[in-house]
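In what follows, a structure is listed as structure tokens, so that the remarks can point back to it.
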Amino acid sequence: MSMNLRPYQQNLINKSRLEFKRKRQRILLVAPTGSGKTVTAAEFARLILAKGGTVYFVVHRGELLRQAEQTFERWGIQGVKCFMVQGLANRIAQHAEPTVLIFDEAHHATAKTYHKIIEYYKNSYILGLTATPCRMSGKPLGDLFQALVQDITAAELIKHGFLSDYDYYCPKLETDYSGLKTQAGDLKAADCFNVMNRPKIYGNIIEQYTKHCTGRRTIIYATTIEHSRLVVEQFQAAGFAAVHLDGNTPEAERLQIDVDFKAGKYEILSNVGLLGEGYDVPDCDCVLLLRRTLSLSLFIQMSTRCLRPQDGKRAIILDFTGSVFIHGLPTIDRDWNLSAEIKTTNINAEPDIKARQCGKCLRTYAGLSAVCPYCGTVQPKTRREIEQDEKAELERITAVQKKDYKAQLKEAGKSLEGLIQYGKLKGYEAGWAYKRFLILKKYKK
């Protein structure tokens, strides 16, 4: 079957091939969530196979393996061998070296299992696929990949209808994340659970969900397995068809839950650490963030899961953690590269210029504007802006004082008596005025 690629997908293939021709062996292909990276990789694989090469497609989760196999089958591409990374690493000697290794969700490729594969297949070319080219900790991937190729942003995908537009809400809860400890660059899940696990919090979550999202296919990202189960119990008690899923759920049960959710049997699917990278549910049009994260990679993977396009769809993201005030909106343009670490500078999530929430319509938007782009309401200044204004005023006062100091000194320097009086006023030591007078006299000559 002929693949009718979108222009940006073809551009990504062309750029990747060009980098390989430049003798760069490990290339990172970056495109937003929902842009069709697997389809792009399928066409790339077809080109390699057509020239007699071999291709291995490597993933880190079973759901991604099934989706990749279905994509290759749908496009009639035969010959690509799909592997779970652990399985390939354990039986690596049984498989001949491929021409190209394609790593899905390649920001995980710094793990030991991936390194084992890379070191064993020393001559293979590597094409990594990711929407978030950084480690979960924010560290760059330049020690593994030699070049980064990209062609389109999430905002452009939304503009052209390849992703759904969305409304971002950040309902305020009585939560306090101050003083929480970090582990591996992110907040500890157990601590976040302690913050979120209160009856009033659950009540507010259900109230906001009922207000904004009833009837939508919804994915919830919880802090821990216990938290996810409790959230589901609360939604079920409120009359919603909700179900929990985590890594300990038996394989057969996980598959059935996935089928039932996509078929509409469940309105709400709550999970921990599963339904992020690569999980494809076009009908999903709502995400609830109940897990606060300092990881930009994790934030984007979670929050954009509802943006797969459908006719007439406008998604909703309900962020109950304020993560948007740490990272900005998930679809803003970012300067991805292989060398710079992404640092979290606003870990307390004080609303600042990264994202602003309208006090009237409650929607969150990006940018500097004090005017809400949705309802036109003028917003009061954020705490950060007030601090910036105060700093600017202090700098202005300091500048005026310096200017006044120079003017006063110039006037006093017209005579020795004037300098003596000025020196007394400033508390300078005896003899300062005479020394200053001699200097000025010498300078005038």
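Only heavy atoms go into these numbers, but all of them, side chains included; no hydrogens, no water, no symmetry mates.
- Taking both residues in full, the closest heavy atoms of Ser16 and Leu29 are given as OG-CD1, 3.8 Å, listed atom of the first, atom of the second, then distance.
- His227 and Tyr202 have tilted rings, their planes meeting at an angle from 30° to 60° on a 0 to 90° scale.
- Judged purely by atom type and a 3.5 angstrom limit, Asp246 has no side-chain atom pairing as donor or acceptor with the backbone of His244.
- By the ring pair (Phe, Tyr, Trp, His ring centres under 6.0 Å) test, Tyr168 pairs with no residue at all, sequence neighbours left out.
- In this structure, the side chains of Met196 and Thr175 come closer than 4.5 Å at one or more pairs of heavy atoms.
- Phe20 and Phe44 have tilted rings, their planes meeting at an angle from 30° to 60° on a 0 to 90° scale.
- For the ring pair (Phe, Tyr, Trp, His ring centres under 6.0 Å) test, residues two or more places apart in sequence or in another chain that qualify with His95 are Phe83.
- Among residues two or more places apart in sequence or in another chain, the side chain to side chain donor-acceptor pair (under 3.5 Å) test is passed with Arg66 by Glu251.
- A donor-acceptor contact closer than 3.5 angstrom is absent between the side chains of Thr293 and Tyr221.
- Partners of Ile152 according to the side chain to side chain contact (heavy atoms under 4.5 Å, CB included) rule, which considers only residues two or more places apart in sequence or in another chain, are Tyr8, Pro32, Glu156, Leu157.
- Going from atom CD of Glu73 over to atom CD of Gln70 covers 7.5 Å, rounded to the nearest 0.5 Å.
- Judged purely by distance below 3.5 Å, without hydrogens or angles, the side chains of Gln301 and Arg305 pair a donor atom with an acceptor atom.
- Looking only at distances, a side-chain donor or acceptor of Gln357 sits under 3.5 Å from a matching main-chain atom of Cys170.
- In this model, a donor atom of one side chain and an acceptor atom of the other lie less than 3.5 Å apart for Gln10 and Asn14.
- Legend: side-chain hydrogen bond (donor to acceptor under 3.5 Å, both in side chains) pairs involving residues 112-121, not counting sequence neighbours: none detected.
- Nearest heavy-atom pair across Ile220 and Asn271 is O-ND2, 2.8 Å.
- Taking 4.5 Å as the limit, every side-chain heavy atom of Val39 sits out of range of all side-chain heavy atoms of Glu43.
- A donor-acceptor contact under 3.5 angstrom links the side chains of Thr321 and Ser323, judged on distance only.
- Residues Ile102 and Leu129 meet the side-chain proximity criterion, which asks for heavy atoms closer than 4.5 Å.
- Residues satisfying the side chain to side chain donor-acceptor pair (under 3.5 Å) criterion with Arg254, sequence neighbours excluded, are Glu63.
- Sparse packing is recorded around CZ of Arg91, with 12 or fewer heavy atoms of other residues, nucleotides or ligands lying under 6.0 Å away.
- Every residue two or more places apart in sequence or in another chain that forms a ring pair (Phe, Tyr, Trp, His ring centres under 6.0 Å) with Phe235 is listed here: Tyr209, Phe240.
- Listed by chain and residue number, Tyr169 satisfy the ring pair (Phe, Tyr, Trp, His ring centres under 6.0 Å) test with His212 (two or more places apart in sequence, or in another chain).
- Every residue meeting the side chain to side chain contact (heavy atoms under 4.5 Å, CB included) condition with Tyr266, not counting sequence neighbours, appears here in chain and number order: Val243, Asp260, Phe261.
- A search for side chain to side chain donor-acceptor pair (under 3.5 Å) contacts involving Gln183 returns nothing, not counting sequence neighbours.
- Every side chain to side chain donor-acceptor pair (under 3.5 Å) that Asp176 has, sequence neighbours left out, goes to Ser178.
- For the pair Pro171/Asn204, no side-chain contact is recorded, criterion being any heavy-atom separation below 4.5 Å from C-beta on.
- In plain terms, the two heavy atoms of Cys361 and Cys358 that are nearest each other are N-SG, 3.4 Å.
- Without hydrogens or angle criteria, Glu97 side chain to Lys122 main chain gives a donor-acceptor distance under 3.5 Å.
- A 4.5 Å side-chain heavy-atom check between Gln379 and Cys372 finds at least one atom pair inside the cut-off.
- Applying the ring pair (Phe, Tyr, Trp, His ring centres under 6.0 Å) definition to pairs two or more places apart or across chains, those involving residues 284-319 are Phe299-His327.
- Heavy-atom contacts from other residues, nucleotides or ligands closer than 6.0 Å to CD of Glu69 number more than 12.
- A distance-only check finds a donor-acceptor pair linking the side chain of Asp186 to the backbone of Leu294 [under 3.5 Å].
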